[in-house]
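Right, one structure below, let's go through it.
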Amino acid sequence: MSIGVAKTKTAVEESSWAHDHHTLSDDAPPVASGDQRGNIRIVPYKDETQIGDVMRLITKDLSEPYSIYTYRYFIHNWPQFCLLAQDSVTEQYVGVIVCKMERTPAVNKMRGYIAMLAVDEAYRKLGIGTKLVHRTIELMVNEQCDEVALETEVSNVNAQRLYLNLGFVKEKRLFRYYLNGVDAFRLKLYFSPPSHGIEAQEWAAQEVS
Amino acid sequence: MDSTCEGHSSGPDDVTSSTTDDDSVTEKKNPPLAFTEKRIDITQDFLAAASELELGELVMGENFTLHEAMSAIELMDPKMDGGCFRLRVHPTVEDVVAQGWLRGMPDDEVLATVDATFACLVSWMEGAFIAQTLHTNLLMTDPDVLSAACECQPEKEEKDRVAGRTMTALSHGLAHMAILVRHAIGSASVCEEEDFAMQFPVRVSSSLTFDETLDLIKAAEKTLITVGKQLDIAPIIQSNNDRVPVLNAVVDRLAWLRAALEAMQHMIIPRHNMYSKDDDGEPINFRPRLRQAAERLSTAVECATRFHDTVEMGKMAPVGQDGDFGWLTCFIPDLNRRYLPPAFPRKSEFLTRRHGLKQLEKFTRRLYDVATNVPHIVHDLSLIIQYLRSFCELESCALSRSVLQLVLLPNDERVLGETHLMDILKDTIKMQTGAPLMYPGSPSNKSEVVQELFDEFASDAVRVYLCLIQAFGHNSGRQRDKIGIIFDDFANLQLEAERVDQEATIVTGLYAQAHGGDTKGPPIGTHLASFMNIQSLRLIHWYFELGFRLELFAECEYASVWWYMREIVSKWTFSWVDNATKFIYAEYQSDLMKYQKENPKAVKTRTSKLIKMDEKFKKKLANLKNLYTQGEEVVYTGMHMFCVGLQASGKMRIPELLPGQSEKMRYDHRMASLQPFAHPYYVPFPNYKASSGIDVMVLQGATKCFNDAASCFKSAKDALSLHTGDARCLAQARIAGQNSIVCKILASGARPDAKVEFDFSDKGFPFAPTLKLT
């Protein structure tokens, strides 16, 4: 038995624009046996030779692609938080996660941020997305991360399910966050307690910026 | 590679534009590119230098970071670069009039154009860019030029002037509407860029005054009615008969526009009022004219109601999809591309005519609601807050929320421009809990110390309530964030209220000691504290309600949220309302005794004053009763038990990435904004675990939890069914009854594989989802 929240699909949710950066379908394993896909291993980002694969995996589902500088901003600055999923038989890259982690001056917290997550359509429902996120979070926690954040479209229930299953909470709803006018949820996973007034400081800092 | 790049020309009519604060736009033709320097081909040098770089090595200037580079677009990438398609030369307004577009426009296209323009107006009001919506109708871009061009046309008969008159009136009317809308939203200051696009990249103006514009629209309506009558009298051909209803539908649209403009003028502080001062140097006070606004809005609602049935009379889209309205003569979707930033989405999501007109009708009804209901709530702060809450539930848009803000507080701290919020606050306290310190002649009323403390409390409260009222103007997501911040102020007000009560109690006690127990008024108690606690709890209640409405809570949080709603919000609200009821009763007794003492004969004859006292007392009790719904807390208990049952049965997983810590972290952060309240409204995680007994309940097993939940829902159903006159309670009772059955089925183990759904689709009950087994 599983539990779900009944939702009515609205016109907005059916928007043809896709800007969400967490592209995966239901990530819950397992799949039917007998398929030809090999074992999946998670490998760290090595060098620029992989950036084409990273872009291929992420761009596939986006109608508005990022420039290469967006990938370079994350991967060049935080290569340790870019992981790839590789099919050990075909050696193909079939999933990727791109993140960053930095101290937020307003609240003095070390905040990890999951910028992009994608799994090749043929390799979905194998739990690869969950593995990528889980492994990245472990790396972040090892570097004294206080919290991990991300945004995802309100209609992207697959991404939400993945993150909520890992213990993320929907901290707030961001009205018309994406250029297509669709709302987003900001999800967070916490590793340190709140300090009093921290939301106020953060909010004030956001207002200023 | 040649350094003399051709440049990134957008076409032959490439222009530069800059939008200024006064809405004007300066345009000039780019001077031709002139390269006087000697040009050198650096391709080989560049490739040679690049070959020396290691794989992944980046060369960057000191003043250039990769963060900044993220905003870069790849030139000539069709998905990223808006300028990579050559701009077409579009016709001007004069061109289209001269070419007879309007003269030959059939009535059904006139109607479709008006409807499409209204749909674009709504798209703009809901956050899209005006250049991509309203101003893709070429005729709306320059009302004055359109007027002048139409005046020069040779049509002699009225019937040929239908399109010209309609479009001219629409153009001037919507220019005034756009200016009013932007002024209202800008003045209310409750919107951010995601709610509304304030920029006018092209000038929006009309040389006609507001009244002249209204006359122009009225004249256009008359023309259409006259043409309709002529057609009706002399139906030479059958098609004439078909034209009349179409013309009437256009008249409805114009009448709506005129009524809506007039109504908004009555409700919104004029721009010149905001900066003008009277002879004494005081700002000129504006008072919304709500009676007149309601009259005009009544007409507007009547017109808007007919939109739905007449939209089909307009020209139909070729493939059945309204799309960007490019299939209508006057619409040029690409018209303003030059004014958009290169990376801006070139396609905007357009509302269909049907959807846009429906939204317009809803918007009109919301304004009508403001004009008719606000006068009845402004005497009581609690009612004002309640109204603001209910307004949010009406799917209010940025404009209607802004208008509500401007109606409530048009100039300063005076509600409706008349009564100071301080006076309303004091009246509300008297109404809700009574306040002996405001009782003339009472010891605390005479005490300077008490009055000083009270004045300090009241002025702080006014400041906080002004912030709160403004917070309600924001979209619900940001509203929740702001309320979370305002909790800090409410917690401080509670402390201040307690201090005033304590001082008043001491002063009254001393007076009573010296005067043989006489307190010169109703007995003193925690009046102000009761008032503030009720106010805080109502706000906390709304904060959690917003959490459900925004779908913020994960299933693993449900148990703690519903426990909090029952154990803290419901129980404490009941307790403080009970306190307030006692104070009101004591005040009534005191007044009655005083009156009997002064008028011994009046008791038997039931004077009008006595009758008024009774009515006032009953009204106060009824108001308090509205703050608390018996039965609701049992629903919360049932939901809590149900969720614990799901946990006990392993059907609801609690994610524990860091064993023993994750749940606490989630709880602590979720409840962090309540920290300023401290005990009892802020409950630390260990206290929650201990008080709720959740771990013990899980150990007792799912069956017991589901059975207990079923009993709770049954009790809730019985309690809520008693509110026979309240449709909301009766609907909640029905949900509770259904949930009770679901719990019993799960407790029986009859459907172990059934899937459980929390159905929140009934927006009227965000706290009480219907439980479903599928």
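Labels below follow one simple rule: chain letters A, B, ... track the order of the sequence lines, proteins then strands, and each chain is numbered from 1.
- Every residue meeting the ring-ring contact (aromatic ring centres under 6.0 Å, His included) condition with Phe544(B), not counting sequence neighbours, appears here in chain and number order: Tyr564(B).
- Looking at every heavy atom in both residues, Leu164(A) comes nearest to Pro655(B) through O-CG, 3.4 Å.
- If you tally non-hydrogen atom pairs under 4.5 Å between each of Tyr69(A), Phe175(A), Phe168(A) and chain B, the highest count goes to Phe175(A).
- A 4.5 Å side-chain heavy-atom check between Val169(A) and Phe553(B) finds every atom pair outside the cut-off.
- In this pair, Tyr73(A) and His67(B) present their aromatic rings perpendicular. The plane angle is above 60°, beyond the 30 to 60° band.
- The shortest heavy-atom contact between Lys170(A) and Leu552(B) is CB-O, 3.3 Å.
- Sparse packing is recorded around CD of Gln321(B), with 12 or fewer heavy atoms of other residues, nucleotides or ligands lying under 6.0 Å away.
- With rounding to the nearest 0.5 angstrom, the CD atom of Glu57(B) is 13.0 Å from the CG atom of Asp47(A).
- Among Asn165(A), Leu189(A), Leu174(A), Leu166(A), the residue with the largest count of heavy-atom pairs under 4.5 Å with chain B is Asn165(A).
- Annotation: salt bridge (charged side-chain N to carboxylate O under 4.0 Å, His left out) contacts of Glu143(A) (sequence neighbours excluded): none.
- A side-chain contact (heavy atoms from CB on, under 4.5 Å) with Arg176(A) is found for exactly one of Glu192(B), Glu194(B), Glu193(B), namely Glu194(B).
- You'll find the side chain of Glu551(B) stays beyond 4.5 Å of the side chain of Val154(A), heavy atoms only.
- For chain B, the option among Ile68(A), Thr70(A), Asn77(A) with the highest count of heavy-atom pairs below 4.5 Å is Thr70(A).
- Contacts of Thr49(A) with chain B are made by both backbone and side-chain atoms, with heavy-atom separations under 4.5 Å.
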Problem - Audit row: Met70(B), Phe74(A), side-chain contact (heavy atoms from CB on, under 4.5 Å) steps and yes/no - result: CA-CA 10 Å; Met70(B) 279 203 294; Phe74(A) 287 103; 4.2 Å; yes
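- No part of Ile75(A) comes within reach of chain B, as not one of its non-hydrogen atoms sits under 4.5 angstrom from that chain.
- In this structure, Arg173(A) contributes its side chain and Leu550(B) its backbone to a donor-acceptor pair below 3.5 Å.
- For Asp668(B), the parts lying near chain A are the backbone and the side chain together; criterion is any non-hydrogen pair under 4.5 Å.
- Between Asp481(B) and Lys172(A) there is a salt bridge, since a side-chain N of the basic residue sits under 4.0 Å from a carboxylate O of the acidic one.
- Proximity to chain A involves both the backbone and the side chain of Glu126(B), based on heavy atoms less than 4.5 angstrom apart.
- Here the CZ atom belonging to Arg670(B) is positioned 7.0 Å from the OH atom belonging to Tyr190(A), to the nearest 0.5 angstrom.
- Of the possible polar contacts, none joining the His669(B) side chain to the Lys188(A) backbone as a donor-acceptor pair under 3.5 Å is found.
- With a 4.5 Å cut-off on non-hydrogen atoms, Leu658(B) touches chain A through its side chain but not through its backbone.
- The two residues Ser67(A) and Ala69(B) have their closest heavy-atom pair at OG-O, 4.3 Å.
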